[in-house]
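Read through the structure below, which is laid out as structure tokens, and then see the notes.
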Amino acid sequence: MHDDPAAALADAIGRAATALRKARHVCVLTGAGMSAESGIPTFREALTGLWSRFSPEQLATPEAFERDPELVWRWYEWRRELVRRSEPNPGHYALAELAGRVPRLTLVTQNVDGLHQRAGSRDAIEYHGNILRDRCTRESAVTARADWSASGLPECASCGALLRPDVVWFGEPIPGGPMLQAADAASRCDVFLSIGTSALVYPAAGLAEAARRSGATVIEINPNPTDLTPHSHLALQGPSGRLLPALLQLLRAG
Ligand code: BV8
């Protein structure tokens, strides 16, 4: 056992690389920590400025939207601006590269920022939707926004109904496709990577356990301990924007 944290981390990265070299199917779950180094605040970090008196769980609900759609839309427009101004970080690019270095990789993200896709990750499963898309509240389909709106809020170009961001709110079910694809990948993979998530929001937080139950090696990448840490085979404690490139460097070295 290493008493020098740097040596322990280097050893853990080495063992993670060994597990990935042998893997047939890698399933990756990412959370807000993945985008922290891109300047997007995580959910754990208290909302700042004009939003500091709200918790995300308060604003990201159908009830909040019912009660005050103007307020909820202002919050999402503020977050959209953050996302538009942000860039993928080295962690996002390392994951996109990893997909080309293992036989099969399934990427499940809780993030609604689209940064994985911008870094070149194809077929990322958007488990909680995407903040940059609008969905019609009447037709419940992703749609265009009307140029003019009677309510001053975003309205559907085809039926005029109020639009909402195409995300999954608390209390709403995960859409069937992403739900089944993610559960299937978690139960079939032989390495499960949990990156930048506090493992508190369900059903996403249940995927690691499903993978572990199916015999997969569970590897966590997070600077802080989480509820998953005691149940993971390897915990790489550090920022994903630094540890994922380090992991890819080892894999490139063969
Ligand atoms: C549902 C989209 C049922 C919107 C989001 C079981 C037990 C307890 C509660 C429940 C349960 N089952 C269901 C619930 C209720 C609820 C839930 O889980 N509540 C929690 C709060 C306890 N779940 C739901 O409501 C789900 N729906 O259950 O429906 C149903 C079924 C049928 C019919 C009707 C209903 C829906 C959940 C989805 C909600 N939508 N997002 C939006 O974004 O606006 S969730 C949102 O919050 C994110 O998508 C993400 O999932 C979550 C935040 O979690 P993380 O991503 O993990 O981020 P967090 O900030 O917490 O942590 C960041 C981590 O990163 C930290 O650990 C930190 O250490 C680390 N970090 C920091 N820097 C770095 C880093 N890591 C690496 N590198 C760094 N540099």
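Every number for a ligand or one of its atoms is a count from 1 in the order of the listing.
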Identify whether the distance between the nearest side-chain nitrogen and carboxylate oxygen of R242 and E37 falls below 4.0 Å.
no

Can E126 and R133 be counted as an ion pair, charged N to O under 4.0 angstrom?
yes

Hey, does R242 sit under 4.0 Å from ligand 1 if you only count heavy atoms?
no

Charged N to carboxylate O below 4.0 Å: is that the case for D134 and R80?
yes

Of all heavy-atom pairs linking T229 and S232, the shortest is O-OG, 2.7 Å

Can you list the atoms of ligand 1 that are under 4.0 Å from a heavy atom of E37?
78 (N), 79 (C), 80 (N)

Can you hop from V218 to I195 via hydrophobic side chains spaced under 4.5 Å?
no

Counting only nitrogen or oxygen atoms and a 3.5 angstrom limit, does S198 reach ligand 1?
yes

For a quick check under 3.5 Å, do H116 and T30 share a side-chain donor-acceptor pair by atom type?
yes

Of all the atoms in ligand 1, which lie at a distance below 4.0 Å from a heavy atom belonging to V168?
2 (C), 4 (C), 5 (C), 38 (C), 39 (C), 40 (N), 41 (N)

Within a distance of under 4.0 Å, is there any protein heavy atom near atom 22 (C) of ligand 1?
yes

Residue, atom name and distance, where the atom is the protein heavy atom closest to atom 59 (P) of ligand 1
R44 NE, 3.5 Å

Per-atom filter on ligand 1: closer than 4.0 angstrom to a heavy atom of N224 are 68 (C), 69 (O)

Does one side chain, of T106 or Q181, offer a donor that lies under 3.5 Å from an acceptor on the other?
no

In the protein, which heavy atom is nearest to atom 51 (O) of ligand 1, and how far is it?
Q110 OE1, 2.8 Å

With heavy-atom distances below 4.0 Å as the criterion, list the atoms of ligand 1 near G31.
56 (O)

Closest non-hydrogen atom pair between G120 and A96, with its separation
C-CB, 3.9 Å

Look at atom 35 (C) of ligand 1 and say which protein heavy atom is nearest, naming residue and atom and giving the distance to 0.1 Å.
G171 O, 3.2 Å

How far is atom 79 (C) of ligand 1 from the closest protein heavy atom, and which atom is that?
G33 O, 3.3 Å

Give the atom numbers and elements of ligand 1 that come within less than 4.0 Å of a heavy atom of A32.
55 (P), 56 (O), 58 (O)

What atoms in ligand 1 come closer than 4.0 Å to a heavy atom of L200?
18 (O), 20 (C), 22 (C)

Find all atoms of ligand 1 within a distance of less than 4.0 Å from any non-hydrogen atom belonging to Y76, and give their numbers and elements.
4 (C), 42 (C), 44 (O)

Run E97 and R101 through salt bridge (charged side-chain N to carboxylate O under 4.0 Å, His left out) and show every step you take.
CA-CA 7 Å; E97 182 187 340; R101 290 183 175 279; 2.8 Å; yes

Between ligand 1 and G241, can you find any atom pair, the residue atom being a heavy atom, that is separated by under 4.0 Å?
no

Any idea which heavy atoms bring A199 and T226 closest together, and the distance?
CB-OG1, 4.5 Å

Would you confirm whether any non-hydrogen atom of the protein falls under 4.0 Å from atom 9 (C) of ligand 1?
no

Can you confirm whether more than 12 heavy atoms, excluding those of R252, are under 6.0 Å from its CZ atom?
yes

Option with minimal heavy-atom separation from atom 33 (C) of ligand 1, where the choices are P239, G196, P173
P173

Any donor-acceptor N/O pair, H231 side chain to L228 backbone, under 3.5 Å:
no

Just distances here: any N/O of V201 and N/O of ligand 1 closer than 3.5 Å?
no

Would you mind checking which non-hydrogen protein atom is closest to atom 28 (O) of ligand 1, with the distance to 0.1 Å?
Y202 O, 4.2 Å

Same cluster or not: V28 versus L243, using hydrophobic residues (I, L, V, M, F, W, Y) connected whenever any side-chain heavy atoms lie under 4.5 Å apart?
yes

Answer yes or no on whether R85 is positioned over the face of W78, meaning its NZ or CZ is under 6.0 Å from the six-membered ring centre and within 45° of the axis.
no

Does ligand 1 come near enough to N111 that some N or O of the ligand is less than 3.5 Å from an N or O of the residue?
no

I'd like to know if P223 contacts ligand 1, where contact means a heavy-atom distance under 4.0 Å to any ligand atom.
yes

May I ask you to check whether E172 has an N/O atom sitting below 3.5 Å from an N/O atom of ligand 1?
yes

For atom 43 (O) of ligand 1, grab the closest protein heavy atom and report residue, atom and distance to one decimal in Å.
R79 NH2, 2.9 Å

Which of parallel (below 30°), tilted (30 to 60°) and perpendicular (above 60°) describes F65 and W169?
tilted

What residue and heavy atom of the protein are closest to atom 5 (C) of ligand 1, and at what distance?
H128 ND1, 3.6 Å

Going by distance only, is there an N or O of G238 that falls short of 3.5 Å from an N or O of ligand 1?
no

The protein heavy atom nearest to atom 66 (C) of ligand 1 is N222 ND2, 3.8 Å

Would I221 count as a polar contact of ligand 1, with the cut-off being nitrogen or oxygen pairs under 3.5 Å?
no

Counting only nitrogen or oxygen atoms and a 3.5 angstrom limit, does M34 reach ligand 1?
no

Between I195 and ligand 1, which part of the residue brings a heavy atom under 4.0 Å of the ligand: side chain, backbone, both or neither?
neither

Number the atoms of ligand 1 from 1 as they appear, then name those within less than 4.0 Å of a heavy atom of A36, with their elements.
73 (N)

With distance as the sole criterion, is a donor-acceptor pair present between the side chains of E139 and T143 under 3.5 Å?
no

Quick test of your reading of the model: are R74 and E81 salt-bridged, counting only N-O distances below 4.0 Å?
no

Yes or no, since that's all I need: does a protein heavy atom fall within a distance strictly under 4.0 Å of atom 14 (C) of ligand 1?
no

Do Q110 and T197 have side-chain atoms, one donor and one acceptor, less than 3.5 Å apart?
yes

